Every structure is written in C-alpha cells, then in structure tokens.
There are 2 protein chains.
Amino acid sequence: MTQTSPSVTGREKAVDALRELILRGDFPAGARLGEMELATRLGVSRTPVREALTRLAAEGLVELVPNRGARVSKWSVEELEGVFELRTALEPKLTALAVPKARPEDVEELDRLALRMVEVGSPGPEQDLDALVPLNREFHGRLVALAHHPALAGALASAVHAPIVLRNFHTYDETSLRRSLAHHVEIVAAVRAGDPEWARAVMTAHIRNARAVMVRAAREQENP
Amino acid sequence: MTQTSPSVTGREKAVDALRELILRGDFPAGARLGEMELATRLGVSRTPVREALTRLAAEGLVELVPNRGARVSKWSVEELEGVFELRTALEPKLTALAVPKARPEDVEELDRLALRMVEVGSPGPEQDLDALVPLNREFHGRLVALAHHPALAGALASAVHAPIVLRNFHTYDETSLRRSLAHHVEIVAAVRAGDPEWARAVMTAHIRNARAVMVRAAREQENP
DNA sequence: CGAAGCCAGATTGTGTGCAATCTAGGCCGA
DNA sequence: TCGGCCTAGATTGCACACAATCTGGCTTCG
C-alpha cells in the first residue's frame, strides 16, 4: 500500500486543514460540521469538503450519518480503552523497530524534543501545558517514522487520532505528567543505547500511564 | 468511534459494491478504475463513485493519485510482510478475546465453517479452491466479531483486505493448505475448550503459515 | 534517425442546481 | 395543558456542466 502523493488538490488541502482544525480542538467533540459552513471557512465549494469529510470519517475523526451530516467523533470510555489496547499492541513494537534504524542525528532530535517537553511541562512560571501537545505529537511521530513500517504505522494512526476528546495535558495530575515526560527521556536513552527491548518496555509503560489518566478523565466527564 | 449507520445512500451502496468487486477479484491488482466506467457499471453518477473511491483509498484497497485517477492497490513483498506482521500483532489477540464470549451456537457455526472448508479443500473430485475464499472470510470475520472490540477489529480490517493480490487458495501447496485447514479446526477446538491461550497460539501459527505461502508467491510474481 | 515540443482527446477536479430528507416550530384536537 | 400531526426552512444527496490537468501520438528540428 503506497502512500497517497503530496497534497496539491483542493480536497487534500481540505482534508489536512480540517484534520488540523479538529486535532487542535477548534471544534469540540460532538460538534456539528455543516458542509456549507466548512466550505466558506476553507474557501472552497461543498464538493471537496464532502470528500474531505468522507475521508476523515474513514479515519475515524468524524462520524457521518446519512442525510444528517457530519459531527466530530465522540468516544465512550469503552472505545477509549479499546484504542489504548490497540496502541499497546502496536506502538511498543514500532518503537523497538525504530531503535536500530535511528541515526545519531535522529537521536539528537528526539533528545531535544524530550528535554524541551520537560522544560515546558515542569511546574513553575515557564509551564505551558498547551505547548506540550505539538511537541508530543512530533516526538511520537518521529519515533514511528523511524520504524519505516507503513502497515503498522497506518494502523496506529487511527488510534492516536482517536483520543482527541482529551487532547490537552491539563487532565494530567502532576505525578502522571512528570512520569510521562520522564518516559520520553528514558526512551531516548534506550534508543541511544541501541536497546530495543528497553525502548519497547518504556513505551508500553508510557502508554499504560496515559491510558490510566485518559480513562479516569473520560469517566469523570461521562459521570460528572 | 461509532459505526456508521446501515447503507441506504447511494454512496454506501457504491462503497460496498465496489469493495466486493475488488475483493472478489473482478479487477486485477493495478487495474485502472475510471470514474465514468464505474458510474455506469453501478448505475449512479460520478459523485457517489468518487466518494466511494476516497473511502476505499482510506481503507487501502485502492490508490488515489491526484489528476490521474484510481487503481487497485498493488502490494510489494515488503508491504505484504508488513501486513502480516500487523495481522500477527492483532488477530491472535482478537481470537483470545473471542474465546470467553463465544456461546455454544457460535462455536457450532465456526465448527460448521471449519469442517466445510476441510471438505471443499481436500484433494479429490469435490475440491473447489475458489469456494474456500468466502468461507475463509466468514470464519475469520465471525471470530473477529465475537471479540467485540471495534478498535482492534478496525485496525485489522485494513490488513486482511490487503493481500488481495493473492486472494485465492491456488497458490497454496498441498501441505500448507492441509495445515491451514487443520488450524481452523483446531481453533474451534480451543474455543470450545474455553482456552484463549490455545486459540491465540494456533491463530499465530495460522497467520505465519499463510505469510510463508503468500510471501513466497509474491516473490515469484515479482521475479518470474 | 532520434529527441524534444506540442496538440488533441480523454479524464479528473470543482462548482452549482435541483430533488429528497430531516428538524423545528406551530397548530389542532383531546 | 399536553400530545400528536403537519408544514416550512434548512441541509444533505445526487447529477451534471465546465475548467484544469494528464496521456499519447504526431510533428518538427537538429
């Protein structure tokens, strides 16, 4: 399965723009996505918007109900747990695969990202939890890309896009957040040491830690 | 992530019809899929066809190149191996999950399917390798459905749709085929015994056996 | 004779109009 | 007053028309 070529058409631009809008949280989960509204917002007609919506629906980001339009997907606690099981099954394996492929400059880049996350994530006047989101996406994204495994990466993508309902780090308690940031640093250490099993183990712990936080938050959100 | 509601719109019908056509092998891998051609064949206009193609592209069944149309996906040996790694990561887990959920009537149905496959797959005048394809899809499909795990099942779907290049059982040598059919029967035995680990192990073996056959066939196809 | 440029046919990308369907609000009857 | 029905507005589903882009073969020049 070959990756679709770079976006030049309006549809691909619409897909990317809309996905970014949703992942950034401009639309709350469950929000209605009117075709006309999106079309004017993106500056195109309804046609490419419709195709973008079908595509994002296939990715699981939006739900499409016939004759009733599109909404940003909501995730029940059960579905969220399922998504984390999927991540547990795939992401540690991808991490292990990435280790032997990482060149020194890749390790440096990961290191830079992990340390930067510790900086902006540590309590104090410099703390900026919102800045963690893009850094986190980039860290995991680079690690996955290093594995050079399109099939596993593609299957994982739908899983990491999923928990956007809780797309911020504000739900982390301080202990879990410190732990999460330390995991990143430790993963870099494992990659630098060339130890796939070490990296795999830490990534597993990392995901299970995130799972605990997210599931607790989702439960509170469902039963306030 | 909630499942999209039953197909009533022309688009959903087009998606299902086209997916079935491709999986059944009416279009060879790499075949060009003209929008107009499909539209007349399915009796709708180009619009729902285009949306069906975007969706199937997201599923990995077709490749979409901007301004150059759609083709049935081809899979390199590396990609095929990747797909089998994905199956190895997910399907045994799903099988284990299915075991405690299977009711007696589910077991009977699986048993019926497995035995029927042995019948039509065994050498002799009754052998009908083409009849194995739908039976096999149904067997694996039922097993996956029993697990009640949408996230894992969804991720797996793209993997089982993938190796359609070799969508027939004619590439199996006799030994591998017997082994494969015996795996089905043994999986049913493990489910009946309520032993998830047994089922998981046999499913793993089942996939690795298939992998060996498919990869060999794909290699021969690439270097004749 | 070979290669680069170009033109025509075909195909995809996008915009828009109309029919079908859904949602919301008011109206009527019990 | 409350519940069910019905109509009007809005929105999606589909078809079609036109513009943009690509493919393949031809011409022309070196």
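Every chain is numbered from 1 and lettered A, B, ... according to where its sequence line falls, protein lines coming before strand lines. Values in this document were obtained by computation on a predicted structure and should not be read as measured data. Values below: every heavy atom of this structure, side chains too, minus hydrogens, waters and symmetry copies.
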#### Entry: Close side-chain approach of Leu18(A) to Leu61(A), heavy-atom, < 4.5 Å
no

### Message
Is it the case that the base of dG13(C) and the side chain of Arg68(B) share a donor-acceptor contact (distance under 3.5 Å, atom types as modelled)?
### Response
no

### Message
What I want to check is whether an N or O donor and acceptor connect the side chain of Thr9(B) with the base of dG13(D) at under 3.5 Å.
### Response
no

### Query
Do any side-chain nitrogens or oxygens of Thr47(B) fall under 4.0 Å of OP1 or OP2 in dC14(D)?
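False: Thr47(B) side-chain N/O out of range (4.0 Å or more) of dC14(D) OP1/OP2.
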
### Message
Using OP1 and OP2 only, check whether a side-chain N or O of Arg32(A) sits under 4.0 Å from dT12(D).
### Response
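So the side chain of Arg32(A) is within the cut-off, an N or O lying under 4.0 Å from OP1 or OP2 of dT12(D).
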
### Task
Would you mind checking if Glu138(B) and Arg112(B) are paired as a salt bridge, meaning a charged N to carboxylate O distance below 4.0 Å?
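Glu138(B) and Arg112(B): not salt-bridged.
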
What is the distance, to the nearest angstrom, from the [atom1] atom on [X] to the [atom2] atom on [N]?
X: Met36(A); N: dA10(D); atom1: CE; atom2: P; value: 10 Å
X: Asn67(B); N: dT21(D); atom1: CG; atom2: C1'; value: 5 Å
X: Glu37(B); N: dT12(C); atom1: CD; atom2: C1'; value: 14 Å
X: Lys13(A); N: dT14(C); atom1: NZ; atom2: C1'; value: 12 Å
X: Leu42(A); N: dG15(C); atom1: CG; atom2: P; value: 11 Å
X: Leu64(A); N: dT11(D); atom1: CG; atom2: P; value: 16 Å
X: Glu35(A); N: dC22(C); atom1: CD; atom2: P; value: 15 Å
X: Arg46(B); N: dG13(D); atom1: CZ; atom2: C1'; value: 16 Å

### Query
With sugar-phosphate meaning primed atoms plus P, OP1 and OP2, does Arg11(A) contact a base, only sugar-phosphate, or nothing at under 4.0 Å between heavy atoms?
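Since only primed, P, OP1 and OP2 atoms lie under 4.0 Å of Arg11(A), the category is sugar-phosphate.
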
#### Entry: Whether Ser180(A) side chain and Ser176(A) backbone form a donor-acceptor pair below 3.5 Å
no

### Task
Scan Glu91(B), His140(B), Arg211(B) and name whichever one has a side-chain hydrogen bond (donor to acceptor under 3.5 Å, both in side chains) with His206(B).
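Only one of Glu91(B), His140(B), Arg211(B) forms a side-chain hydrogen bond (donor to acceptor under 3.5 Å, both in side chains) with His206(B), namely His140(B).
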
